[in-house]
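A short write-up of the structure that comes next.
Atoms considered below: every heavy atom in the structure, side chains included; atoms not considered: hydrogens, waters and symmetry mates.
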Amino acid sequence: MQQKSVYIAYTGGTLGMQRGPRGYRPEPGFLARQMDEMPVLRHPGMPRYVVHEYDPLLDSSNMTPRDWVKLADDIYSKYDEYDGFIVLHGTDTMAYSAAALSFMFNSLDKPIVFTGSQIPLVELRNDARENLITSLLIAAGGEVPEVCLFVGSRLLRGNRSTKTSAAHFRAFRSPNYPPLGDAGVELVIHHERLQPWPERPLTYARVGGAEVADIRFFPGMTPRVLEQFLAPPLQGAVLHTYGLGNAPDDPSILRPIRDACDRGVVIVNCTQCLEGSVNMTGYATGNALADAGVASGFDMTPEASLTKLYWLLSLELGAAEVRRQMGIDLRGEITPVSRA
């Protein structure tokens with residue numbers, strides 16, 4: 001049986017860093033040397049792999065949509081050459097990058113597995129080793145036709161993931177969708193939870209340079225603050241509201257929102273709650289946002305809401321069509337029953 005092959009896109013992050021006089025930092029070539037010294041990676045059960053190290057290596061706090069495109073272009077250009085892909089990425093913005101790639105690639109039939117760690121591979125005690133080894137097995141296994149994220153023994157859908165801990169190895173949760181897999185004594189993939197295998201060939205559409213804002217409501221927010229956020233040349237915004245999607249129904253607060261929607265800004269309602277779904281028909285305050293032209297984000301994570309909005313605006317579909325598609329489940333990012 002032919003040995004599987006995996007392409008590792010090393011963008012940066014804690015996993016491959018070494019300790020310096022001012023703390024952990026990336027060093028070109030260091031991760032590859034560390035991996036060469038791991039006998040387990042030469043085990044017959046492991047796939048062949050190629051590490052492509054990006055230049056420069058990035059702390060994930062410095063990631064931008066341009067970097068999502070660079071990463072996606074890289075994978076797309078190598079798509080036919082490998083059985084699966086791993087993205088080594090800092091954990092801080094990993095959920096954003098994973099969600100962005102999930103929208104750019106349509107009809108995936110190979111795994112793209114994001115992973116990273118809280119402690120570098122070079123340290124005696126770390127979470128990097130297990131995350132790396134298991135991600136290699138998942139990427140080579142060919143069972144998961146989607147962009148996913150493996151950290152802390154759980155395989156999560158990329159666009160359902162959010163970072164919830166800076167202190168624990170299980171740093172990510174998927175609040176509104178169960179794990180795609182669990183790595184315990186056995187590595188179990190829950191096939192019934194996966195996206196269906198595609199019936200059409202892979203297609204690819206990049207994220208562009210849309211002007212997008214991320215706005216969180218708080219008690220006492222003034223109309224002037226909203227006006228500043230929503231001023232031209234803004235094209236889209238994710239509005240983080242309370243509970244089921246509620247915000248003040250004060251006319252002075254609603255006015256800048258309605259004005260922005262009227263001039264073609266796509267505003268998406270995303271709950272500040274970790275679990276649950278937006279339902280703008282539940283309370284008068286939610287209805288007021290819907291009447292102003294705000295679209296529901298249903299149970300999407302903030303990361304999925306923002307990256308999906310970036311991506312749809314890049315397609316130049318027009319504001320009405322972007323609003324419509326924000327409410328459609330395109331890559332498993334929305335639970336269909338949440339729209340009831």
Residue that, paired with Glu146, satisfies side-chain hydrogen bond (donor to acceptor under 3.5 Å, both in side chains) out of Gln195, Arg157, Arg331: Arg157
Note: Ser252 and Pro223 closest approach over all heavy atoms is O-CB, 3.3 Å
Closest non-hydrogen contact found for Asn126 with Pro120 is CB-O, 3.2 Å
Any donor-acceptor pair under 3.5 Å linking the side chain of Arg154 with the backbone of Leu149? no
Checking side-chain polar atoms at under 3.5 Å, does Asp83 have a donor or acceptor matched by the opposite partner on Tyr7? no
What's the verdict on side chain to side chain contact (heavy atoms under 4.5 Å, CB included) for Leu132 and Met35, showing C-alpha distance, side-chain angles and the deciding distance? CA-CA 10 Å; Leu132 177 60; Met35 293 177 67; 4.0 Å; yes
Do Thr301 and Asn176 have side-chain heavy atoms sitting under 4.5 Å apart? no
Connected via hydrophobic side-chain network under 4.5 Å: Leu202 and Ile75: yes
Taking everything shown except Arg129 itself, do over 12 heavy atoms lie less than 6.0 Å from its CZ? no
Apply the test side chain to side chain donor-acceptor pair (under 3.5 Å) to residues Asp73 and Tyr204: give CA-CA distance (whole Å), side-chain angles for both, the deciding distance (0.1 Å), then the verdict. CA-CA 9 Å; Asp73 280 349; Tyr204 172 56; 2.6 Å; yes
So for atom NE2, which belongs to His43, do other residues, nucleotides or ligands contribute more than 12 heavy atoms lying within a distance under 6.0 Å? no
How about Thr241 and Asn246: does a side-chain donor come under 3.5 Å of a side-chain acceptor? no
Could you tell me whether a side-chain N or O of Glu186 sits under 3.5 Å from a main-chain N or O of Ala183, the two making a donor and an acceptor? no
Interatomic spacing from CG in Leu57 to CG in Asp55 - rounded to 0.5 Å: 7.5 Å
Going by atom types only, do Ser314 and Arg206 share a side-chain donor-acceptor pair under 3.5 Å? no
Answer yes if Leu309 and Ile334 sit in the same cluster of Ile, Leu, Val, Met, Phe, Trp and Tyr residues linked by side chain heavy atoms under 4.5 Å apart, and no otherwise. yes
Where do Ala292 and Cys261 come nearest, in terms of heavy atoms and distance? O-CB, 3.4 Å
Should Tyr177 and Asn159 be marked as a side chain to side chain contact (heavy atoms under 4.5 Å, CB included) after you check the CA-CA gap, both sets of side-chain angles, and the distance that decides it? CA-CA 10 Å; Tyr177 198 79; Asn159 58 37; over 6 Å; no
Yes or no on side chain to side chain donor-acceptor pair (under 3.5 Å) for Asp299 and Ser277, after CA distance, side-chain angles and deciding distance? CA-CA 4 Å; Asp299 67 343; Ser277 177; 5.2 Å; no
Does some side-chain heavy atom of Phe105 sit less than 4.5 Å from a side-chain heavy atom of Ile112? yes
Within a strict 4.5 Å, meaning less than it, do heavy atoms of the Pro175 and Thr162 side chains meet? yes
I'd like to know whether Tyr24 forms a side chain to side chain donor-acceptor pair (under 3.5 Å) with Asp59, so could you lay out the CA-CA distance, the side-chain angles of the two residues, the decisive distance to 0.1 Å, and finally the verdict. CA-CA 10 Å; Tyr24 291 125; Asp59 184 299; over 6 Å; no
Side-chain donor-acceptor pair present, Asp182, His190, cut-off under 3.5 Å: yes
Could you tell me if Thr335 and Arg160 have a donor-acceptor pair between their side chains, going purely by distance under 3.5 Å? yes
Nearest 0.5 Å please: distance from the CG atom of Asn279 over to the OG atom of Ser296. 7.5 Å
What distance do Gln3 atom CD and Tyr49 atom OH have between them, rounded to the nearest 0.5 Å? 11.0 Å
Do any N or O atoms from the side chain of Asp127 and from the backbone of Ile119 form a donor-acceptor pair under 3.5 angstrom? yes
For side chain to side chain contact (heavy atoms under 4.5 Å, CB included), just list the numbers for Thr11 and Leu58, CA-CA rounded to whole Å, side-chain angles, deciding distance to a tenth of an Å, and then say yes or no. CA-CA 6 Å; Thr11 68; Leu58 294 176; 5.8 Å; no
Following the transitive rule for hydrophobic clusters with a side-chain heavy-atom cut-off under 4.5 Å over Ile, Leu, Val, Met, Phe, Trp and Tyr, establish whether Leu315 and Met326 coincide in one cluster. yes
Working to the nearest 0.5 Å, report the span between CG of Leu136 and CG of Leu41. 6.5 Å
Does Lys110 make a cation-pi contact with Tyr82 (under 6.0 Å, within 45 degrees of the axis)? no
Check whether any side-chain heavy atom of Arg193 sits under 4.5 Å from a side-chain heavy atom of Pro179, and report yes or no. yes
Just wondering, are more than 12 heavy atoms of other shown residues or ligands nearer than 6.0 Å to CZ in Arg66? no
If we only count heavy atoms from C-beta on, is the Asp67 to Tyr54 side-chain gap below 4.5 Å? no
Assess whether atom CD of Glu192 is packed by more than 12 heavy atoms of other residues, nucleotides or ligands within 6.0 Å. yes
Given salt bridge (Lys or Arg N to Asp or Glu O under 4.0 Å), test Glu321 with Arg324 step by step and report yes or no. CA-CA 5 Å; Glu321 181 61 14; Arg324 188 185 75 84; 2.7 Å; yes
Looking at Trp311, Phe114, Tyr76, which hits side chain to side chain contact (heavy atoms under 4.5 Å, CB included) with Leu101? Phe114
Name the orientation class of the two ring planes belonging to Tyr242 and Phe217 (parallel below 30°, tilted from 30 to 60°, perpendicular beyond 60°). tilted
For residues Val151 and Val6: do they belong to one hydrophobic cluster (side chain heavy atoms under 4.5 Å, members Ile, Leu, Val, Met, Phe, Trp, Tyr)? no
Residue pair Asp214 / Leu306, side-chain heavy-atom distance below 4.5 Å: yes
I'd like to know if Trp197 and Leu155 are part of one continuous hydrophobic network [Ile/Leu/Val/Met/Phe/Trp/Tyr, side-chain heavy atoms within less than 4.5 Å]. no
Side chain to side chain contact (heavy atoms under 4.5 Å, CB included) partner of Gln118, chosen from Leu15, Asn131, Thr14, Thr91: Thr91
Enter the distance from Ser305:OG to Leu239:CG here, rounded to the nearest 0.5 Å. 11.0 Å
Side chain to side chain contact (heavy atoms under 4.5 Å, CB included) between His52 and Lys78, worked out: CA-CA 11 Å; His52 173 65; Lys78 305 291 193 306; over 6 Å; no
Verify the neighbour count for atom OH of Tyr283: are there more than 12 heavy atoms of other residues, nucleotides or ligands below 6.0 Å? no
Thr271 OG1 to Met300 CE distance, which is reported to the nearest 0.5 Å: 12.5 Å
Under the side chain to side chain contact (heavy atoms under 4.5 Å, CB included) rule, collect the residues that match up with Thr93, sequence neighbours excluded. Ser60, Met63, His89, Tyr96
So with a 6.0 Å cut-off around CZ of Arg200, is the heavy-atom count from everything else above 12? no
Are Phe30 and Gln34 side-chain neighbours, meaning at least one heavy-atom pair lies under 4.5 Å? yes
Any donor-acceptor N/O pair, His168 side chain to Ala166 backbone, under 3.5 Å: no
Does any non-hydrogen side-chain atom of Ile215 lie less than 4.5 Å from one of Leu230? yes
Please check if atom CD in Glu81 has more than 12 non-hydrogen atoms from other residues, nucleotides or ligands closer than 6.0 Å. yes
